[in-house]
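Note that ligands are numbered from 1 as they come in the structure, with each ligand's atoms numbered from 1 the same way.
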Amino acid sequence: MTVSRREFLKTSAAATAAASIGVNLLPGMKNNLFAGQVEWHKSVCRYCGTGCGVMVGTKDGKVVAVKGDKENTINRGHLCVKAFYLPKAVNSKTRLKHAMIKKNGKFEKVTVDEALDFVAKKFNEIRQKHGANALAFYGSGQAETEETYMANKLWKGCIGTNNMEGNPRLCMASAVGGYLTSLGADEPAGTYQDIEQAKFFMLIGSNTAEAHPILFERIMRHKTKNPDVQILIIDPRKTPTDQVADLHLFPKPGYDLAILHAMAKIIIDEGYADEEFIKTSVIFKDNKNKIDYAGYKEFLKKYTPEYASQRSGVPAEDIIKAARMFGKAETAMSLWTMGINQRTRGVWANNLITNLHLLTGKIGKPGCDSFSLTGQPNACGGVREGGGLCHLLPGHRLVVKEKHRQQVAKVWGVPVERIQPKPGKHTVAMFEALNKGEIKGIYIMCTNPAQSLPNASKYWKGLEEQFVVVAESFFPTATTKYADVVLPSAFWTEKEGVYGCTERRSQYMPKVKDPEGDAVWDAFLLRDLGKKMGFVKEFEKYQTAQDIWDEYRGLTKGQDMDLWGATYDRLKKVRGLTWPVPSEDHPGTYKRYTDGDPIYDALPAEKKKGRRMYFYGPKAKDGYATIWARPDKGPEEPTDAEYPLALSTGRVMEHWHTGTMTMTAPELNRAVPKAYVEINPSDAKKMGINNKDQVVVETRRGSLEIEARVIDRPIPGTIFIPWHWEKWMANILTIDAFDPGSKEPEYKVCAARIKKA
Ligand SMILES: Nc1nc2c(c(=O)[nH]1)N[C@H]1C(S)=C(S)[C@@H](COP(=O)(O)OP(=O)(O)OC[C@H]3O[C@@H](n4cnc5c(=O)[nH]c(N)nc54)[C@H](O)[C@@H]3O)O[C@H]1N2
Ligand SMILES: Nc1nc2c(c(=O)[nH]1)N[C@H]1C(S)=C(S)[C@@H](COP(=O)(O)OP(=O)(O)OC[C@H]3O[C@@H](n4cnc5c(=O)[nH]c(N)nc54)[C@H](O)[C@@H]3O)O[C@H]1N2
Ligand code: SF4
Ligand SMILES: [Mo]
């Protein structure tokens, strides 16, 4: 039996209908709750990288409601369903309210001060005995910029190790690599404003409807008003996003690179290339060396639509149609997320998308951009800009650059030799080192790696054996199980700070209630740990969130992501500012590398002569962007006779990652109560599997018993599991192979088989 069409429509309709406007009365809340006494505070949604503005309603010191902020240009009052249920997470019984130390396998309640004393002593012992590199920090794109900044200073600047990472490695690293190599600097050129001006969208490897619902709603509304707007989707799975598609290409997972090359070839062959833009603004490279336009055309010869069709399984005529849609469109915007980034060829896939924009000159103009969607609310702000990865320093700086180390060491008030010149261990290597005992102590903040790492069970050994500190707002989680110490962290609404979303916009969030129990703001947990480890002088100066923000803001001055003009005072009044914002009277920047970008505007006239754009980033030479002739390699673990199905994992609208927050709302749990594996009806029939049968999914790494959902969503030969549940942990199955450039794991493709349980 397959899922009925009605059931399918119901789920897809739910995804879009969930975006709504106004106050949402949570079930059980009485109308009179809002009778006058609710105070509303301007803030930002806790969840995705869209960055919607919310109004938080408080009453008697409690968060009682959330509604959309009508003045916020991102969402204009609209919110998706997750945001409405945030009060349930804040008030949940599962909030972690006090510190605990594990003694003889059991957690015992202690004061935060006692816990921090204990951690400081242990960390100092490890550091003295085994050196600074035996310690590590693992953070999050959901932490505030101020929080990541404190961790950066403590680990890289004081303890003296670059073993400082965060979950954006699992998420945005390939996009960072893509932007650096294609455009010369990280983060998009345009903003969301381009959506309403675009005539064509390529949504590739993004289930926008479920993962960025409010952006999807903007696209949908724009298309409804302008029926000539065309939408191309490239995704191996039929998702609710599909409902807006004019054309949907279904490549085999991991095999879409050839399609992008074939589209480039058709664009050139049929005269859709912007030859003037190519001449003035673009250079060409093969995997290593500079080539020329003729060399690139030679490279593309192989990528006929027929060849791309053979590689990807997509009909050649559809690839031709897709290329013509892109080529003919007056303006074009590409949006992508994890279907592109979470691949062993993630950086290359990013490059090939941007190639199309550079070839057609559809970049740096209204309605045109190669626009990577960020997953988490502050992956851009705190981690990419704030430098929360093992090779970075705050303000888009690099640990390998002596000048950058000097600039940062000076502001941090630490000797420059303390900051190591060599990058530390990237995420997978970090957890491998924990397994091997090379890393002996780790501080984990605002992330749940025991469930979210690829091939997760392989890394439980290190978590079990080494000294693990987990700063959390909820308890228990898959990771707190392995903790030697848990520290209670203040949650969203209980602390102030800044989030920077996909469109380079930094937004301020106020503290509107006291933390639950003994919970402390993560930045202050780190500050106090630093002091207790002996770095008193380095940390005693931070008394308020603003002290931290102002120091960081100073470090961004003159950088490409200049936030000098984004003071707390300003951010408290406006709905965010898009960098560069070089001064307090600067309104923020709509487009980078072109007129109106203060950095571009300040360039000498001779540099810009005859050029509409100048790519001034550190990795772009003489202002040129790069078109890449990358090989079209497939995934690390292709399917074979033994494991004939390609397994993909991803998200549903109602849940957030490991579920610690969204699963506090019974309404969201009722909507999607458990995990399942989607199987195409044709495969199910062959294997004798019926809808709702219990099946066992096996990969070379593990096996998982789970319910089958027989549905025409994944293409034949592929299966899909949403990964939100600890009980049905998809990451038992996934592969920890990673992109050699970005080190981002290939969550989106591995080989699997299924049998009836
Ligand atoms: N509701 C909800 N929203 C979220 C999150 C959440 O947990 N829940 N998390 C946030 C975060 S951190 C992130 S990173 C984003 C993720 O946002 P998305 O990336 O949009 O979500 P996913 O479901 O991970 O995967 C997206 C799509 O990639 C496709 N895909 C898989 N393999 C391939 C391939 O080889 N090629 C192509 N072209 N596509 C492929 C899948 O079929 C799937 O539809 O969502 C953010 N928003
Ligand atoms: N199979 C599979 N695995 C994946 C992915 C996939 O597509 N497929 N996607 C990957 C991606 S893109 C991402 S971004 C990661 C996300 O993976 P994780 O970051 O591990 O997932 P979250 O559930 O968001 O974890 C956040 C944790 O922080 C806690 N928390 C919430 N607020 C606070 C706070 O203010 N302070 C502190 N200290 N803690 C807080 C939450 O309770 C939760 O435990 O997962 C990756 N894993
Ligand atoms: S789209 Fe993202 S930021 Fe906006 S309300 Fe939904 S989860 Fe929050
Ligand atoms: Mo993510």
Distance under 4.0 Å to a non-hydrogen atom of [X]: what atoms of ligand 3 satisfy this?
{"X": "Cys80", "value": "5 (S), 6 (Fe), 7 (S)"}
{"X": "Tyr47", "value": "7 (S)"}
{"X": "Lys82", "value": "7 (S)"}
{"X": "Pro213", "value": "1 (S)"}
{"X": "Ala83", "value": "5 (S)"}
{"X": "Gly51", "value": "3 (S)"}
{"X": "Ile214", "value": "1 (S), 4 (Fe)"}
{"X": "Leu79", "value": "5 (S)"}

Reference residue Ile444; test side-chain contact (heavy atoms from CB on, under 4.5 Å); the match among Leu463, Val469, Thr480, Leu487: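 Answer to the side-chain contact (heavy atoms from CB on, under 4.5 Å) test with Ile444 among Leu463, Val469, Thr480, Leu487: Leu463.
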Min heavy-atom dist [X] to ligand 2 below 4.0 Å:
{"X": "Lys495", "value": "yes"}
{"X": "Ser473", "value": "yes"}
{"X": "Met172", "value": "no"}

Please say whether the positively charged group of [X], taken as NZ for Lys or CZ for Arg, lies over the ring of [Y], i.e. under 6.0 angstrom from the six-membered ring centre and within 45 degrees of the axis.
{"X": "Arg95", "Y": "Phe474", "result": "yes"}
{"X": "Arg527", "Y": "Tyr542", "result": "no"}
{"X": "Lys67", "Y": "Trp40", "result": "yes"}

Select the closest option to [atom] among [options], judged by heavy-atom distance.
{"atom": "atom 13 (C) of ligand 2", "options": "Glu147, Gln342, Arg651", "result": "Arg651"}
{"atom": "atom 17 (O) of ligand 2", "options": "Pro722, Ser140, Ser452", "result": "Ser452"}
{"atom": "atom 29 (C) of ligand 2", "options": "Met729, Glu472, Met661", "result": "Glu472"}

Plane angle bin for Trp155 and Phe137 - parallel if under 30°, tilted between 30 and 60°, otherwise perpendicular: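 Ring orientation, 0 to 90° scale: tilted.
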Parallel, tilted or perpendicular, as decided by the 30° and 60° cut-offs, for the rings of Phe467 and Phe118: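 The arrangement is perpendicular - the two ring planes meet at more than 60°.
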Does a salt bridge link [X] with [Y], judged by any charged N lying under 4.0 Å from a carboxylate O?
{"X": "Lys458", "Y": "Asp736", "value": "yes"}
{"X": "Lys495", "Y": "Glu147", "value": "yes"}
{"X": "Arg76", "Y": "Glu217", "value": "no"}
{"X": "Lys42", "Y": "Asp69", "value": "no"}

Full working for side-chain hydrogen bond (donor to acceptor under 3.5 Å, both in side chains) between Thr50 and His212: CA-CA 6 Å; Thr50 301; His212 295 91; 4.7 Å; no
Worked check of side-chain hydrogen bond (donor to acceptor under 3.5 Å, both in side chains) between Thr427 and Glu165: CA-CA 6 Å; Thr427 296; Glu165 275 279 290; 2.8 Å; yes
Presence of N, O or S from Cys45 under 2.8 Å of atom 8 (Fe) of ligand 3: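 For Cys45, the answer is yes, given that an N, O or S atom comes within less than 2.8 Å of atom 8 (Fe) of ligand 3.
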Shortest protein contact, [atom] (heavy atom only):
{"atom": "atom 1 (N) of ligand 2", "value": "Asn731 OD1, 2.7 Å"}
{"atom": "atom 42 (O) of ligand 2", "value": "Thr660 OG1, 2.7 Å"}
{"atom": "atom 4 (C) of ligand 2", "value": "Tyr747 CE2, 3.3 Å"}
{"atom": "atom 2 (Fe) of ligand 3", "value": "Cys48 SG, 2.3 Å"}
{"atom": "atom 3 (S) of ligand 3", "value": "Cys52 N, 3.4 Å"}
{"atom": "atom 28 (O) of ligand 2", "value": "Cys446 C, 3.1 Å"}

Ring pair (Phe, Tyr, Trp, His ring centres under 6.0 Å) partner of Phe371, the single match among Trp336, Tyr192, Tyr179: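 Testing Phe371 for a ring pair (Phe, Tyr, Trp, His ring centres under 6.0 Å) against Trp336, Tyr192, Tyr179 leaves exactly one candidate, Tyr192.
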Side chain, backbone, both or neither: which part of [X] has a heavy atom under 4.0 Å from ligand 2?
{"X": "Asp522", "value": "side chain"}
{"X": "Ala490", "value": "backbone"}
{"X": "Thr658", "value": "both"}

Contact flag His212/atom 6 (Fe) of ligand 3, N/O/S atoms, threshold under 2.8 Å: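 Given the 2.8 Å cut-off, His212 does not count as a ligand of atom 6 (Fe) of ligand 3.
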Side chain to side chain, Val347 and Glu744, heavy atoms closer than 4.5 Å: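 Counting from C-beta outward, Val347 and Glu744 never come under 4.5 Å.
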Side-chain heavy atoms of Ile340 within contact of Asn350, under 4.5 Å: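 In short, these two side chains touch, coming nearer than 4.5 Å.
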Distance-only side-chain donor-acceptor flag, Ser174 / Asn341, under 3.5 Å: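 No, no side-chain donor-acceptor contact under 3.5 Å.
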Give yes if a backbone or side-chain nitrogen or oxygen of [X] is under 3.5 Å from a nitrogen or oxygen of ligand 2, and no if not.
{"X": "Thr477", "value": "no"}
{"X": "Thr734", "value": "no"}
{"X": "Ser489", "value": "yes"}
{"X": "Ala471", "value": "yes"}

Residue Lys748 vicinity, atoms of ligand 2 by number, heavy atom under 4.0 Å: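 Those of ligand 2 that fall under 4.0 Å from Lys748 are 7 (O).
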Nearest heavy atoms of Trp723 and Ala730, plus distance in Å: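 Distance-wise, the nearest heavy atoms are CB-CB, 3.7 Å.
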